[in-house]
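Following: one structure in structure tokens, then a few remarks.
Computed from a prediction, not measured in an experiment: that's the story for all the values here. Values below: all heavy atoms of this structure, side chains included; hydrogens, waters and symmetry mates excluded. Just so we're on the same page: letters track the sequence lines, and every chain starts at 1.
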Amino acid sequence: MAELLIDKELCKACGYCIHFCPKEALSFSEEMNQKSYTPVQVDKEKCIFCGTCYTVCPDTVFEIRA
Amino acid sequence: MAVQRKRPALLKDNSWCAGCGHGLFTRLLHESLEELGYDNNYICVDGVGCSSNYFAATTLGSAIESHHGKAPTIARGVKLARPETMVFTYQGDGDAYVIGLSETLNAAHFADPITTFVLNNNNYGMTGGQMSWTSLPGQVTTTSKAGRDPETTGMPLDPLKMAAQEERVAFAARAALNSPKNINLAKKYIKKALELQVKEEKYAIVEMLSPCPTDWNLTPVQAIRWIEEEAVKYYPLGVLKDTTEGGGA
């Protein structure tokens, strides 16, 4: 089973992944990370593990295990 | 179908602003180095500017901080001393296209087997967003409050075009770090440029239009739109020169 891992501490909440996600599976969470950003979170039901979020992320937040 | 994706081994947390293109470039760079088997045998010669934060974004990476604008010259020296090592420069537009314009063009002229990467964000990012030679007409910066006036400050300079005219340059291309498609294309150019160095001992230069949301006073998503709607008018994307087989010009 594929898995999308999010390293919340690396996230700076730029929103590129949310903007480009083809399935609208990503959104900002309400909690804060140590850098005081509200990191991205994934709706596991919607994610298709296409890798778009990884491609557009400047901060290597994502990892996909196929 | 799920695609396997993993952060390149040498990269760690970076200190660039939210939405900055530098983080994207370093990831593409290290993916390419890993794929070519050079992630333990490279020396990056860093320009002065936001690219200098590269030191903090890698663990056990090899980098030299150059004088402002002199990265290509230092890289040529490094390559002479270490011909088996991948040597490339990592510069911004202020470093490579303004302060170091002479070094950039001289490196292209002599075309030693090094690779130059330029992140063009149309302003001086690190110092707070002053007007660069690459700023667009009408672009508001901290030193062009009413927008850049071509009457008094000229039109945006395109040193990539100048470098591409040099006889011995093997590959010159411009990509943008503003969409999945363009980012994948940038990766292709980066990898090709590095490959040319180690397989054919050739010089290549790749420029990337890079979002700078903080200094442009835009949100990150507005910044990538600005590249698509404004920056590409003066800095069109694509391959300017490709002397390799099947490359055209």
Side-chain angles (χ1 to χ4, degrees), chain A, chain B residues 1-31 34 50 53-54 56-59 119 121 176-188 208 210-214 218-225 227-228:
Chain A
M1 182 64 191
E3 199 182 359
L4 177 73
L5 303 175
I6 296 177
D7 190 336
K8 292 189 171 179
E9 292 307 321
L10 295 182
C11 183
K12 296 181 193 139
C14 67
Y16 289 160
C17 54
I18 296 172
H19 180 71
F20 285 112
C21 177
K23 293 292 176 185
E24 296 181 3
L26 297 167
S27 58
F28 290 124
S29 61
E30 284 176 14
E31 58 178 302
M32 258 186 199
N33 65 15
Q34 290 196 351
K35 292 177 181 165
S36 302
Y37 293 109
T38 52
V40 67
Q41 62 185 2
V42 62
D43 181 341
K44 288 182 180 166
E45 298 296 311
K46 291 182 181 170
C47 180
I48 55 166
F49 314 103
C50 62
T52 303
C53 52
Y54 173 92
T55 302
V56 298
C57 180
D59 301 303
T60 59
V61 168
F62 301 96
E63 182 178 330
I64 299 172
R65 290 187 186 157
Chain B
M1 199 179 78
V3 288
Q4 187 98 12
R5 291 283 184 272
K6 198 174 186 319
R7 173 188 321 137
L10 293 183
L11 289 189
K12 55 173 185 155
D13 198 4
N14 68 53
S15 52
W16 289 296
C17 304
C20 175
H22 279 273
L24 284 165
F25 167 70
T26 48
R27 197 195 74 229
L28 301 176
L29 172 71
H30 276 269
E31 284 174 2
E34 282 187 0
C50 289
N53 288 319
Y54 175 70
T58 54
T59 38
L119 264 76
N121 57 15
L177 302 170
N178 71 335
S179 70
K181 184 185 157 202
N182 286 343
I183 290 167
N184 286 332
L185 194 62
K187 163 83 183 285
K188 213 174 122 188
M208 282 146 282
S210 171
C212 183
T214 303
L218 298 174
T219 66
V221 171
Q222 286 171 336
I224 53 176
R225 281 199 190 117
I227 291 178
E228 189 183 315

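- For a residue to count as touching a neighbouring chain, one of its non-hydrogen atoms must lie under 4.5 Å from one of that chain's; by this rule A/Tyr54 touches chain B with backbone and side chain alike.
- Residue B/Asn178 touches chain A through its backbone alone, counting heavy-atom pairs closer than 4.5 Å.
- Counting heavy-atom pairs under 4.5 Å between each of B/Lys12, B/Arg5, B/Lys187, B/Glu31 and chain A puts B/Arg5 at the top.
- The closest side-chain heavy-atom distance from A/Tyr16 to B/Ile224 is below 4.5 Å.
- Here the straight-line distance linking atom CG of A/Asp43 with atom SG of A/Cys21 works out to 9.5 Å at 0.5 Å rounding.
- Counting heavy-atom pairs closer than 4.5 Å to chain A, the top residue among B/His22, B/Arg27, B/Lys6 is B/Arg27.
- Within the 4.5 Å cutoff, side-chain heavy atoms of B/Met208 are placed close to those of B/Phe25.
- A/Asp59 and B/Asn14 form a side-chain donor-acceptor contact under 3.5 Å, judged by distance and modelled atom types alone.
- Proximity to chain B (any heavy atom under 4.5 Å) is restricted, for A/Thr52, to the side chain, taken from C-beta onward.
- Using a 4.0 Å cut-off between charged side-chain N and carboxylate O, A/Lys8 and A/Glu31 make a salt bridge.
- Looking only at heavy-atom pairs under 4.5 Å with chain A, the residue among B/Gly23, B/Pro8, B/Pro213, B/Ser179 that has the most is B/Gly23.
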